[in-house]
Amino acid sequence: MKKLEATSLVLLHHHLKALRLPTITAECEKLARQAAADNADHLTYLLQLTELELLERERKAAERRLKAARFPTHKTLEGFDFAARPSVNKLLLCELARCEYIDRRENVLFVGNPGTGKTHLAIALAVAACAQGYRVRFFRLTELVTLLMEARDERSLLGLKARLAKLDLLVLDELGYVPASKIGAELLFDVISSAYERTSLIVTTNLPFESWTEVLGSERLTGATLDRLTHRCQIIETKGESYRLRDAKAKMRKGSAGEGAGSGGHREPRRRALEGGQRSS
Ligand code: ADP
Ligand code: MG
């Protein structure tokens, strides 16, 4: 095969740059040598180059989506110990990770005590959604309410709502830890209403539905919020004791087993202290 002259190569790089094809620019010469060695035809070479460019674009876009979602930590379903949480149906979670509920604009609600893996599962599903091209944003509920109130004061609420409306999936973590003010509750209700049948929501809460009135302030608002949230919704209960507590207890058992018979008297008060910790967390 005839070799491209150095000046033509400079021109080629210039054209590729103008066309915004950075991966092809970086790989074209190496791949050309490979194609020549393999006796590959021109179209095969072009196919390989365009595939590389597309793959790299998709990788970068996925990276951007993950960053834009602002997860507090990275969690996956693979990292979740389903055996330790039998109330959570692994098959259902794996099905949800395929994101068809987002196409159907359905919601997912995780309800359970602190430390039972609600946030972990919510992030894991949302990370899966990012990987599949959905636009996602994670908020701790108090953070979103603060943002909404600030935007309202600065008269930028419409802009914020427009940004939220562009999302495919909105994660609202920890509904119920801090009671929202009346205005906060109304702004939150507005977000949930606007999302209804347009954007999927994943909500985590440690509160049973009966207690939501305490957070949202009014029965009317609570009824209307629950109505929108739970219409076409998977409700997943993470029953049982805190995973952290379980971990701590297991470590302690290991520790005290090594301490010998003399330490037996300390076990009971320590256990009670831990159980007290679970209630207050
Ligand atoms: P919650 O949101 O219900 O309070 P988290 O999801 O924050 O609980 O879980 C607390 C910690 O325990 C996190 O670090 C989480 O990754 C971990 N965790 C909880 N449940 C499990 C589990 N079944 N398998 C693995 N890690 C878990
Ligand atoms: Mg949580």
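None of these values were measured; they are calculated from a predicted model. Start at 1 and go down the list; that is how both ligands and their atoms are numbered.
Between Asn113 and ligand 1 there is a heavy-atom distance shorter than 4.0 Å. Contact analysis puts Gly79 in contact with ligand 1, with a non-hydrogen atom separation below 4.0 angstrom. Assignment of Gly115 to the shell around ligand 1 is supported, since a heavy atom sits closer than 4.0 Å.
Considering both main-chain and side-chain atoms, Pro114 never comes within under 3.5 Å of ligand 1 through any nitrogen or oxygen pair.
Qualifying ring pair (Phe, Tyr, Trp, His ring centres under 6.0 Å) partners for Tyr243, counting only residues two or more places apart in sequence or in other chains: none.
Follow the hydrophobic side-chain contacts under 4.5 Å out from Tyr101 and you reach Leu93 in the same cluster.
Residue pairs meeting the side chain to side chain donor-acceptor pair (under 3.5 Å) criterion with at least one member in residues 27-40, sequence neighbours excluded: His13-Glu29, Glu27-Lys30, Gln34-Asp38.
Only one option out of Leu175, Leu125, Asn206 pairs with Phe110 in a side-chain contact (heavy atoms from CB on, under 4.5 Å); it is Leu125.
Between the Mg ion (ligand 2) and Thr204 there is no N/O/S contact shorter than 2.8 Å.
Here atom 14 (O) of ligand 1 lies nearest to Lys75 when heavy atoms of Lys75, His120, Arg244 are compared.
Residue contacts with ligand 1 for Phe80 involve both N, CA, C or O and side-chain atoms from C-beta outward (heavy atoms, distance under 4.0 Å).
Between Tyr196 and His231, the ring planes are tilted. Angles from 30° to 60° get that label.
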**Study point:** side-chain hydrogen bond (donor to acceptor under 3.5 Å, both in side chains) between Thr44 and Asp41, worked out
**Key:** CA-CA 5 Å; Thr44 306; Asp41 64 15; 2.5 Å; yes

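Listed by number with element, the atoms of ligand 1 under 4.0 angstrom from any heavy atom of Thr116 are 1 (P), 3 (O), 8 (O).
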